[in-house]
Amino acid sequence: VYTNLIRLENDPNKTIGLVTVIEDITEIRKLEKIRSHFVTNVSHELKTPLTSISGFVETLKSNTIEDEETKQRFLDIIDIETERLKRLIEDILTLSEIENSQHRALQEEVFPTNMMRQVEEMMRPIASNKGIELSSEIDMNLPMIYGNKDWFKQMLINLIDNAIKYTPSGGKVLLTGYKKYHNIVITVKDTGIGIPKKDLPRLFERFYRVDKARSRKVGGTGLGLAIVKHIILSFKGRIKVNSEQGKGSEFTVILPIEK
Ligand code: ADP
């Protein structure tokens with residue numbers, strides 16, 4: 001807390017009052033800290049694939065590798081790391097766009113039933129490629145809400161994509177949508193690896209991962225849930241997680257229906 005004392009004078013010899021200005025700068029400090037942390041993290045996250053790419057390019061350029069198979073393997077790694085870099089940049093841009101326009105987000109008509117069906121169809125091949133059964137129980141007549149349609153879709157994609165990524169082959173992912181009181185409730189439930197209790201409070205932070213190596217292996221950027229959180233805020237909603245290690249996770253999104 002910042003306190004400032006100002007002397008109110010109309011005549012240099014006469015004090016007519018004192019004003020104390022109390023300005024709360026803790027919030028500003030906190031935001032500055034988050035921002036500077038984010039820049040450090042971004043630099044680090046971008047550097048990792050870049051170092052790998054430039055290392056393999058150097059090796060290939062040096063002409064010391066004769067074996068065709070090894071060359072091919074190195075090219076594959078360069079390809080994978082380039083893709084990761086692209087995804088990272090896309091996610092950073094998405095997050096910054098959503099964050100910067102959260103309070104003046106588009107107020108389009110969003111029909112949750114249609115959107116959920118569309119995303120389910122879109123994600124089905126990804127699930128079945130991994131041997132995961134994606135199913136749904138969606139109320140046919142969910143009321144319309146207002147917000148950004150693309151963001152709504154992105155939120156569903158990120159949650160379902162995570163459910164698929166962190167569920168081993170043979171598992172199940174269930175998407176549900178229903179109305180409860182003045183809210184639309186959306187759940188994404190999986191039979192996957194689950195999340196340890198201690199990690200739950202930090203899950204929606206940027207670049208926070210339970211297991212960094214696993215996230216990398218499945219192509220994660222560590223920004224998916226941070227994006228989800230900001231989208232939900234733009235809809236004035238909230239999100240809850242229930243999870244048990246080794247059993248699965250359930251993400252519940254609650255979005256208010258405006259009267
Ligand atoms: P990532 O790109 O690493 O998946 P996210 O922000 O989407 O980043 O998620 C953050 C972390 O939360 C993940 O690294 C993972 O550890 C955990 N997580 C997210 N969704 C699930 C899920 N459905 N099951 C298990 N763990 C999950």
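We count ligands from 1, going down the list as the structure has it; atoms in each ligand are counted the same way.
- Counting only heavy atoms of the protein, atom 7 (O) of ligand 1 lies nearest to N162 ND2, 2.9 Å.
- No side-chain N or O of T252 forms a donor-acceptor pair with one of T187 less than 3.5 Å apart.
- Numbered from 1 in the order shown, with element, the atoms of ligand 1 that lie under 4.0 Å from a heavy atom of L203 read 12 (O).
- Short contacts between ligand 1 and G224, defined as distances under 4.0 Å to a heavy atom of the residue, involve ligand atoms 5 (P), 6 (O), 7 (O).
- Of all atoms in ligand 1, numbered sequentially from 1 with element shown, those under 4.0 Å from a heavy atom of A163 are 23 (N).
- Checked against a 3.5 angstrom limit, the closest N/O atoms of I195 and ligand 1 fall outside it.
- Counting only N and O atoms by type, the side chains of Q118 and N114 include no donor and acceptor under 3.5 Å apart.
- Nearest heavy atoms, F204 versus L225: CD2-O, 3.4 Å.
- Of all heavy-atom pairs spanning K165 and V218, the tightest one is CD-O, 3.5 Å.
- Between G222 and ligand 1 there is a heavy-atom distance shorter than 4.0 Å.
- Remark: side-chain polar atoms of N148 are not paired, donor with acceptor, to backbone N or O of A105 under 3.5 angstrom.
- Considering only non-hydrogen protein atoms, atom 11 (C) of ligand 1 sits nearest to Y208 O, 3.6 Å.
- In summary, the atoms of ligand 1 found under 4.0 Å from a heavy atom of R209, numbered by their order in the structure, are 3 (O), 14 (O).
- Residue-ligand proximity: F251 is placed with a non-hydrogen atom under 4.0 Å from ligand 1.
- Residue contacts with ligand 1 include K165, since one of its heavy atoms falls under 4.0 Å from the ligand.
- For the residue pair R238 and I232, the shortest heavy atom distance occurs at N-CG2, 3.3 Å.
- The shortest contact between atom 6 (O) of ligand 1 and any protein heavy atom is with L225 N, 2.8 Å.
- Taking each heavy atom of F152 and V110 in turn, the nearest pair found is CG-CG1, 3.8 Å.
- Side-chain N/O atoms of E137 and T176 include no donor and acceptor closer than 3.5 Å.
- Counting only heavy atoms of the protein, atom 23 (N) of ligand 1 lies nearest to D190 OD2, 2.9 Å.
- Residue-ligand proximity, S215 to ligand 1, at heavy-atom distances under 4.0 Å covers atoms 1 (P), 3 (O), 14 (O).
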Check against side-chain contact (heavy atoms from CB on, under 4.5 Å), F56 and E58: CA-CA 5 Å; F56 284 106; E58 277 308 308; over 6 Å; no

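- Residues G237 and L255 come closest through the heavy atom pair CA-CD2, 4.1 Å.
- Considering all non-hydrogen atoms of both residues, M155 and V228 come closest at O-CG2, 3.9 Å.
- Near G194, meaning under 4.0 Å from any of its heavy atoms, are these atoms of ligand 1: 25 (C).
- Within the set F207, F204, Y166, the minimum heavy-atom distance to atom 25 (C) of ligand 1 is found for Y166.
- Taking every heavy atom of G220 and a limit of under 4.0 angstrom, the matching atoms of ligand 1 come to 1 (P), 2 (O).
- The option from T221, L200, V210 that lies nearest to atom 16 (O) of ligand 1, judged by heavy atoms, is V210.
- With a heavy-atom cut-off of 4.0 Å, N158 does not touch ligand 1 at all.
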